[in-house]
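By convention here, the first residue in the shown sequence is residue 1. These numbers were taken from a predicted model, which means no experiment stands behind them. In listed order, ligands and their atoms are each counted from 1.
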Amino acid sequence: MVHVDPHKAGAVPAIELTGATKRFRTPSGALHTAVRELDLTVAPGEFVAVVGPTGCGKSTTLTLVSGLEEPTEGEVRVYGEPVSGINEHVGFVFQQDAVFPWRTVLSNVMAGPRFRGVPADRAREKARDWLSRVGLSAFEDRYPHQLSGGMRKRVALAQTFVNDPRILLMDEPFSALDVQTRALMSDQLLELWAGTGSSVVFVTHDLDEAIALADRVVVMTAGPATVKEVFTVDLPRPRTVEAVRLEPRFVELYREIWASLGEEVRITRERGAGRAA
Ligand SMILES: Nc1ncnc2c1ncn2[C@@H]1O[C@H](COP(=O)(O)OP(=O)(O)OP(=O)(O)O)[C@@H](O)[C@H]1O
């Protein structure tokens, strides 16, 4: 477990992967390299989006930071400490909802703080605060199946932010949502994140989403993943997705990043076509 020293927090990167390589043993016994010699640094409070072709190793990179998997070679550090096991300062949001279906919305959001030993009154107060920030105060007694996909995702955000994560790992969190809900969720995420100072690593297939959200966009190579190029998104904040997309600089960035990403997507496709032939 990593204990964050607030005095150190500004001086060291929030996340640091150095020469991180991850190999998996496949069912046939062969070794499969999912991530190779990956170097990536994320500053405290920074929002980094990771894009790359399908299956290249983006999720594996997140699992290394989360402590769910260990690197085969190289190092992964969180606030200067080597990652070993699940870190209480790290929050996750995945594509699939991680809500408990048998608990009400309020009980879902309270679960994390309660699990960490926060007294029920205080946990309820914190949960209600985050539910009001995501606009779900009126729904605290509902069960997840009584909510829309977008609402469940807002519960998931409240459920994550209520734990005050220093680091937030998001793996295609909005990809199951329709386009309009997705844009609203992105705006909501930016609003929630703005007040927290937490670092975000956001994996997405959607380059529009990556640019609209992030301070930097990391382009991964075709698998095994390593960092190909990093682009700084010099668009002012606060941002809203629909407005920022219309800015000439956004379009310019999109073109630049797609030139880099498109090449890797083509490589991946050609490999797939080769296999199918
Ligand atoms: N536990 C595992 N055992 C064996 N192979 C794995 C394991 N986890 C991932 N892989 C392989 O590692 C590679 C990278 O997978 P990963 O899920 O990280 O890619 P991704 O970029 O997130 O994919 P997508 O964009 O499709 O979500 C894939 O070829 C995958 O099959």
Side-chain angles (χ1 to χ4, degrees), residues 15 17-40 42 47-76 78 83-86 90-98 149 153 156 167-177 179 182 185-186 189 200-214 216-231 254 257-258 260-276:
I15 301 169
L17 294 116
T18 319
T21 294
K22 181 66 189 176
R23 292 190 200 95
F24 290 109
R25 190 155 302 272
T26 61
S28 67
L31 278 178
H32 175 85
T33 308
V35 173
R36 67 179 153 106
E37 288 159 33
L38 192 141
D39 294 326
L40 179 65
V42 179
F47 198 126
V48 168
V50 176
V51 294
T54 179
C56 77
K58 301 179 293 296
S59 302
T60 304
T61 305
L62 287 192
T63 62
L64 294 179
V65 177
S66 70
L68 286 169
E69 296 277 3
E70 279 180 24
T72 316
E73 281 158 36
E75 276 197 1
V76 184
V78 166
V83 170
S84 63
I86 307 288
V90 176
F92 305 87
V93 185
F94 299 110
Q95 186 178 345
Q96 303 301 328
D97 299 319
K153 208 42 100 176
I167 290 174
L168 198 50
L169 304 176
M170 308 187 84
D171 198 351
E172 300 185 49
F174 307 145
S175 58
L177 303 173
V179 177
R182 208 169 163 155
M185 287 306 306
S186 297
L189 170 62
V200 184
V201 183
F202 189 104
V203 166
T204 177
H205 278 113
D206 182 343
L207 188 49
D208 267 313
E209 186 175 57
I211 301 171
L213 291 171
R216 287 190 299 150
V217 175
V218 175
V219 176
M220 299 280 214
T221 60
T226 194
V227 173
K228 180 183 187 189
E229 249 181 293
V230 181
F231 295 85
Y254 189 99
I257 303 174
W258 178 250
S260 183
L261 172 61
E263 217 170 70
E264 302 306 312
V265 170
R266 270 190 298 279
I267 293 171
T268 306
R269 257 196 222 137
E270 278 159 22
R271 278 187 198 159
R275 246 174 243 145

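- When the options Asp171, Leu64, Thr63, Thr60 are ranked by their closest heavy atom to atom 16 (P) of ligand 1, first place goes to Thr60.
- Distances below 4.0 Å separate heavy atoms of Lys58 from the following atoms of ligand 1: 18 (O), 19 (O), 20 (P), 21 (O), 22 (O), 24 (P), 25 (O).
- Using a 4.0 angstrom heavy-atom cutoff, Gly52 does not count as in contact with ligand 1.
- Across all non-hydrogen atoms, the minimal contact from Val83 to Ser66 is CG1-C, 4.5 Å.
- Between Cys56 and ligand 1, at least one N/O pair is under 3.5 Å apart.
- Looking at ligand 1, you won't find any N or O of Phe24 less than 3.5 Å from one of its N or O atoms.
- Checking Gln95, His32, Glu172, Glu69 against atom 11 (C) of ligand 1, the nearest heavy atom belongs to His32.
- Nearest heavy atom pair, residue Ser186 against residue Glu209, reads OG-OE2, 3.9 Å.
- The two atoms that bring Pro224 and Val35 nearest to each other are CB-N, 4.2 Å, heavy atoms only.
- Atom 12 (O) of ligand 1 has as its closest protein heavy atom Ala34 CB, 3.3 Å.
- Closer than 4.0 Å to atom 29 (O) of ligand 1 lies at least one heavy atom of the protein.
- Within the listing of ligand 1, atoms 17 (O), 18 (O), 20 (P), 22 (O) sit less than 4.0 angstrom from a heavy atom of Ser59.
- Just one residue in the list Thr63, Leu62, Leu169, Thr60 forms a side-chain contact (heavy atoms from CB on, under 4.5 Å) with Leu68, and that residue is Thr63.
- The list of salt bridge (Lys or Arg N to Asp or Glu O under 4.0 Å) pairs with a residue in residues 49-74, not counting sequence neighbours, reads Lys22-Glu69, Arg23-Glu73.
- Nearest heavy atoms, Ser260 versus Glu229: OG-OE1, 2.9 Å.
- In terms of polar-atom proximity, Arg25 is not counted as a contact of ligand 1, lacking any N or O under 3.5 Å from an N or O of the ligand.
- The protein atom (non-hydrogen) at minimum distance from atom 26 (O) of ligand 1 is Thr54 OG1, 2.8 Å.
- Residue His205 places a heavy atom under 4.0 Å from ligand 1.
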May I have the step-by-step check of side chain to side chain contact (heavy atoms under 4.5 Å, CB included) for Asp206 and Phe174, ending in yes or no? CA-CA 10 Å; Asp206 182 343; Phe174 307 145; over 6 Å; no

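- The nearest heavy-atom contact from the protein to atom 19 (O) of ligand 1 is Gly57 N, 3.1 Å.
- In terms of protein heavy-atom proximity, atom 24 (P) of ligand 1 is closest to Gly55 N, 3.4 Å.
- Between Phe231 and Ile257, the shortest heavy-atom distance links the atoms CG-CG1, 3.5 Å.
- The two residues Ile211 and Tyr254 have their closest heavy-atom pair at CD1-CA, 3.5 Å.
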